[in-house]
Amino acid sequence: MHLRRVSRHNASSSYVYSAQIWSESAHRERKQHKNRRFSCNATGANSDEGAAIIDGKAIAQTVREEIGVEVASLKASTGKVPGLAVVLVGGRKDSETYVRSKKKGCEEAGIQSFGTDLPEDVTEEELLKVVADYNADPSVHGILVQLPLPDHINEENVLNAISIEKDVDGFHPLNMGLLAQRGREPFFVPCTPKGCVELLERSGIEISGKTAVVIGRSNIVGMPANLLLQRRDATVTVVHSRTPNAKEVTQQADIVIVACGRAEMVRGDWIKPGAAVIDVGINAVDDATKKRGYRLVGDACFDEIKPIAGAITPVPGGVGPMTIAMLLQNTLEGFKRTVSA
Ligand SMILES: NC(=O)C1=CN([C@@H]2O[C@H](COP(=O)(O)OP(=O)(O)OC[C@H]3O[C@@H](n4cnc5c(N)ncnc54)[C@H](OP(=O)(O)O)[C@@H]3O)[C@@H](O)[C@H]2O)C=CC1
Ligand SMILES: Nc1nc(=O)c2c([nH]1)NC[C@@H]1CN(c3ccc(C(=O)N[C@@H](CCC(=O)O)C(=O)O)cc3)C=[N+]21
Ligand SMILES: [Mg+2]
């Protein structure tokens with residue numbers, strides 16, 4: 001049983017500046033919207049009331065242990081282990097952090113990790129060569145090129161070059177296309193939306209027949225989250241930056257997946273009582289009381305939503321750890337297809 005109630009965090013949710021860490025496009029957009037600020041006020045509800053906290057960190061740990069057991073048994077029967085190649089371009093601190101946790105996750109699960117770190121000014125040609133070499137390497141079953149890439153590199157060309165049988169991110173247009181088609185199966189489903197659905201399922205939250213709203217339509221989160229929920233027979237509405245009545249639409253939803261890249265944009269009064277809220281957002285917010293000088297908040301206002309929702313994921317400790325667990329799961333799936341072939 002993974003649902004557990006924990007006391008709500010002490011709310012001090014106002015902030016002066018919020019930086020979106022990963023998405024270049026969101027960063028550009030944020031500049032255009034720099035006057036927009038959402039302030040999120042806590043309601044002071046009783047700590048035992050409200051939503052169950054979906055403990056993504058604990059669920060991810062369980063998934064990783066399951067993967068470890070299966071890797072060990074396949075190693076015993078085949079003498080082989082899954083391999084994941086992670087390609088990092090440039091020195092973004094956030095990317096370095098996540099590449100490190102991906103490699104650590106591999107080690108713990110018995111997956112062999114391969115890493116190539118390339119300088120910021122690497123040419124697209126050189127990067128494509130690295131991808132081609134991993135495509136040809138039989139001990140590599142998954143290839144991940146950490147995004148975002150520097151501006152001089154065409155992301156699309158790089159993603160297109162990854163063999164669809166090793167595309168553990170599921171970002172190749174062919175895998176995306178297969179995900180969008182009924183009756184067909186992609187080789188891999190993108191890790192973050194897959195993690196969102198896995199959190200719902202492992203928390204006993206029914207998807208079939210429910211009304212879901214996905215806030216955001218990016219290729220890596222919102223769009224595949226919509227497709228995955230539809231495959232599980234939810235009725236899905238996608239909200240984006242040009243949706244005039246985002247709040248009213250969201251109020252109808254049994255399940256809300258929030259991936260808009262805007263710190264604490266989704267407020268308590270957007271949420272239908274009892275709804276499940278999966279917060280994908282990762283935003284750094286200045287906080288002088290923290291050692292690092294910042295803290296992470298989601299795209300939803302946790303303190304306001306907790307007294308209203310039926311279940312909610314925290315940030316950190318929600319979707320983020322599941323993304324990494326799903327990457328390991330995808331790598332194992334890719335490996336299994338090669339040993340059974
Ligand atoms: N936990 C994890 O594992 C991961 C977390 N993330 C986090 O998830 C969030 C989303 O990431 P990503 O999808 O890459 O972000 P993008 O910036 O690529 O996409 C944001 C989406 O949200 C929409 N949006 C922006 N502003 C609004 C608004 N005011 N109202 C409604 N919709 C809006 C945009 O609409 P439009 O299409 O019209 O521009 C766009 O579709 C970020 O916080 C990111 O850090 C991302 C990946 C993994
Ligand atoms: N090719 C590619 N594939 C990706 O899947 C990919 C990517 N590029 N680029 C960046 C985004 C972002 N992403 C996250 C992974 C883990 C956490 C995570 O573990 N977060 C912790 C927080 C850790 C901390 O304290 O910083 C948590 O939410 O608890 C977050 C975000 C994967 N992405
Ligand atoms: Mg680029």
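In each ligand, atom 1 is the first atom listed, and ligand 1 is the first ligand listed. Values below: all heavy atoms of this structure, side chains included; hydrogens, waters and symmetry mates excluded. Here the structure is a predicted model, which is why all the values come from computation and not from measurement.
Side-chain atoms of E264 do not come within 3.5 Å of backbone N or O of C301 as any donor-acceptor pair. Under the 3.5 Å distance criterion, the side-chain polar atoms of N330 are matched with a main-chain donor or acceptor of V168. Using a distance-only test at 3.5 Å, with no hydrogens or angles considered, a donor-acceptor pair links the side chain of Q251 to the main chain of D269.
At a heavy-atom distance under 4.0 Å, only side-chain atoms of T323, from C-beta outward, approach ligand 1. Neither the backbone nor the side chain of I220 comes within 4.0 Å of ligand 2, counting heavy atoms alone. Of all the heavy atoms of P321, the ones lying under 4.0 Å from any atom of ligand 2 are found in both the backbone and the side chain. By the criterion of a heavy-atom distance under 4.0 Å, both the backbone and the side chain of L147 are placed next to ligand 2.
Close approach of ligand 1 to I282 (heavy-atom distance below 4.0 Å) involves ligand atoms 1 (N), 5 (C), 7 (C), 43 (O), 45 (O). The ligand atoms of ligand 1 that sit less than 4.0 angstrom from a heavy atom of I220 are 14 (O). Heavy-atom proximity to G317, at under 4.0 Å, picks out these atoms of ligand 2: 27 (C), 28 (O), 29 (O). In summary, the atoms of ligand 1 found under 4.0 Å from a heavy atom of D299, numbered by their order in the structure, are 9 (C), 43 (O). Atoms of ligand 2 found under 4.0 Å from any heavy atom of L296, numbered from 1 in the order shown, are 22 (C), 24 (C), 25 (O), 26 (O). In summary, the atoms of ligand 1 found under 4.0 Å from a heavy atom of G261, numbered by their order in the structure, are 9 (C), 10 (C), 42 (C), 43 (O). Per-residue contacts place H240 under 4.0 angstrom from the following atoms of ligand 1 (heavy atoms of the residue considered): 30 (N), 31 (C), 32 (N), 33 (C), 35 (O), 38 (O).
In terms of N/O distances under 3.5 Å, ligand 1 is not approached by R242. Backbone and side-chain nitrogen or oxygen atoms of M265 are examined, and none is located within less than 3.5 angstrom of a nitrogen or oxygen of ligand 1. Below 3.5 Å of separation, one finds no N or O of T323 facing any N or O of ligand 2.
There is no side-chain donor-acceptor pair under 3.5 Å between N154 and E124. A side-chain donor from one of T323 and T192 sits under 3.5 Å from a side-chain acceptor of the other. Counted by atom type alone, Y134 and T116 present one or more donor-acceptor pairs between their side chains at under 3.5 Å. A donor-acceptor contact closer than 3.5 angstrom is absent between the side chains of E65 and T62.
Heavy atoms of V145 come nearer than 4.0 angstrom to ligand 2 in at least one pair. Distances from ligand 2 to the non-hydrogen atoms of T192 include no value under 4.0 Å. Remark: distances from the non-hydrogen atoms of T97 to ligand 2 are all 4.0 Å or more. Residue G320 places a heavy atom under 4.0 Å from ligand 1. Residue R292 places a heavy atom under 4.0 Å from ligand 2.
A 6.0 Å sphere centred on NZ of K103 holds more than 12 heavy atoms belonging to other residues, nucleotides or ligands. Within 6.0 Å of atom CD in E248, more than 12 heavy atoms from other residues, nucleotides or ligands are found, so the atom counts as buried in its surroundings.
Which of T243, V280, V214, I257 comes nearest to atom 1 (N) of ligand 1 through a heavy atom is settled by distance: it is V280. Considering only non-hydrogen atoms, atom 20 (N) of ligand 2 lies nearest to Y98 out of F171, Y98, Y294. In this structure, of G216, C260, S241, S218, the residue bringing a heavy atom nearest to atom 20 (C) of ligand 1 is C260.
Smallest separation of non-hydrogen atoms from P148 and E155: CA-OE2, 3.8 Å. Nearest heavy-atom pair, R64 versus G105, reported as atom, atom and distance to 0.1 Å: NH2-CA, 3.9 Å.
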**Item:** Criterion side chain to side chain contact (heavy atoms under 4.5 Å, CB included) on N283 and L296, from CA distance to verdict
**Value:** CA-CA 5 Å; N283 305 279; L296 296 182; over 6 Å; no
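Hydrophobic clustering (side-chain heavy atoms under 4.5 Å, transitive across Ile, Leu, Val, Met, Phe, Trp, Tyr) keeps V81 apart from I67.
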